[in-house]
There are 2 protein chains.
Amino acid sequence: MARWEPNAPERLAQAALDLFAERGYENTTVIDIAQRAGLGKTTFFRHFQDKREVLFGRGTTNDLLAEAIAAAPPTAGPLEAVAHALDAAGRQVFTSARREFTVRRQAVIAANPELQEREALKNLTLIASMAEALERRGVPELTARVAAELGALASSIAYERWSRTGDGDDFGEIARRALDDVRAATPLC
Amino acid sequence: MARWEPNAPERLAQAALDLFAERGYENTTVIDIAQRAGLGKTTFFRHFQDKREVLFGRGTTNDLLAEAIAAAPPTAGPLEAVAHALDAAGRQVFTSARREFTVRRQAVIAANPELQEREALKNLTLIASMAEALERRGVPELTARVAAELGALASSIAYERWSRTGDGDDFGEIARRALDDVRAATPLC
DNA sequence: TAAAGTGATGGAACTAAGTTCCATCACTTT
DNA sequence: AAAGTGATGGAACTTAGTTCCATCACTTTA
């Protein structure tokens, strides 16, 4: 049994998402968030670097994707390994259980430039860790970077589609199709 | 003749870059910057949205690239149009005259996550405007997005190389080579 | 030449983000 | 029962960023 109400970070993140959705990111103070979670401002900043970070908390996605790339069959080419990673994202991030949460979160981010900045940078580090994971498979540096970029593009297209589909649809499959589309659309000159 | 010392934004930007390079972004207050430029805090925020923006002021690069893509020969493919845009960037942004400034600026950005976030988002809008410009040439949406992404990747590789070369080297040429390298490295599976 | 106009500026006062320090509280271990 | 431990909250602080208003330098009009 815990000493205090458990899961302070989760409660803060939930309170933040609710408030951001209700009245907007700008019109929500950190004190508002902490109060709704039954905590103080100090505790908020003990769990999150800053106000934006409350929406980006679990940064384990980098490792998740890198591990999936490492675990792809040795015969798989770079883009196939990336597809493997997108599959993993579908199984652990873009699940139907977390669907509503994810969609609300993305809507909040889309409404605020400060949050978009944070997401843009997180996305760059995500691309970098995919590229590194590919290099560890023996993929040449530049090819790895291109493959990671194409994977990120496919992922964002796949999110677009997934967020509009019914509950049964698997992100992994959608992402594979998106990656195929991207490959087919890649210009040669 | 101007009423006050002219070019307040330029003076502020120069003072900011100098101070950031001297003592770091975090250890420089907006008041420090304004004082060195002979101005007040209020005037700083009249010219720049926020402290980060002082390093990203002239946002005309988007239009520059879009116009260069529009002006590319009608026969040019998507990547050739992008190469045209990188040429234009070389002629107006990555010039040998602005070389020292640009390199110092990039070094300051590389040293601070807050600035990296701003740059990451600016880069996304830059990619978006290149993609739009390509679509206006009749390039299909997805192909346009991929071409713009590959162009951005080539540009960052080209900057890497350009920042290390001697003064005579032309960014446009370096970027064309980088784009060729990217194309050659693009994985098909 | 004098008066009114214009636009950039600076200062003061304010809110909110984020930090630091210290006391407290809830529960655990000795 | 007493000491220990880790999460918490409050107070006080610095800085980013906003708002409002007065002022100043120069221009235009009378």
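In what follows, every heavy atom counts, from backbone to side chain, and hydrogens, waters and symmetry copies are set aside. Chain naming here is simple, since letters A, B, ... match the order of the sequence lines and numbering starts at 1 in each. Every value quoted in this text rests on a predicted model; they were computed, and no experiment measured them.
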Base [N] to side chain [X], donor-acceptor N/O within 3.5 Å cut-off:
X: B:Thr42; N: C:dG11; answer: yes
X: A:Lys41; N: C:dG18; answer: yes
X: B:Arg46; N: C:dG7; answer: no

Report the distance from atom [atom1] of [X] to atom [atom2] of [N], rounded to the nearest whole Å.
X: B:Asn7; N: C:dT9; atom1: CG; atom2: P; value: 11 Å
X: B:Phe45; N: C:dT9; atom1: CZ; atom2: P; value: 15 Å
X: B:Arg118; N: D:dA16; atom1: CZ; atom2: P; value: 14 Å
X: B:Lys51; N: C:dG18; atom1: NZ; atom2: P; value: 13 Å
X: A:Gln35; N: D:dG9; atom1: CD; atom2: P; value: 11 Å
X: B:Ile33; N: D:dT15; atom1: CD1; atom2: P; value: 13 Å
X: B:Ile31; N: C:dT9; atom1: CD1; atom2: C1'; value: 15 Å
X: A:Arg23; N: C:dA16; atom1: CZ; atom2: P; value: 11 Å

**OP:** Verify the distance criterion only: is there a donor paired with an acceptor across the side chains of B:Asn123 and B:Glu119 at less than 3.5 Å?
**Re:** no
Original post:
Side chains of B:Thr60 and B:Asp63: is there a donor and an acceptor less than 3.5 Å apart?
Top reply: no
Original post:
C:dA16 phosphate, OP1 or OP2: any side-chain N/O from A:Thr29 under 4.0 angstrom?
Top reply: no
Original post:
Is A:His47 near enough to D:dA7 that one of its side-chain N or O atoms lies under 4.0 angstrom from OP1 or OP2?
Top reply: no
Base paired to [N] (Watson-Crick or G-U; both N/O distances under 3.5 angstrom):
N: C:dT30; answer: D:dA1
N: C:dC14; answer: D:dG17
N: D:dT8; answer: C:dA23
N: C:dA3; answer: D:dT28

Original post:
Centre of A:Tyr25's six-membered ring, under 6.0 Å away, within 45 degrees of the axis: is that where NZ or CZ of A:Lys51 sits?
Top reply: yes
Subject >> Side chain of A:Asp50 (C-beta onward), nearest among C:dG18, C:dA16, C:dG10 >> reply: C:dG18
**OP:** Measure from the side-chain heavy atoms of B:Ala8 and tell me the nearest of D:dT8, D:dA16, C:dT9.
**Re:** C:dT9
Subject >> Between CG on residue A:Leu121 and CZ on residue A:Phe56, distance to nearest 0.5 Å >> reply: 10.0 Å
Subject >> Under 3.5 Å: donor-acceptor pair, side chain of A:Arg99, backbone of A:Trp162 >> reply: yes
**OP:** Under 4.0 Å between any heavy atoms, over every strand shown, what does B:Leu39 touch: base, sugar-phosphate, or nothing? Just pick one.
**Re:** sugar-phosphate
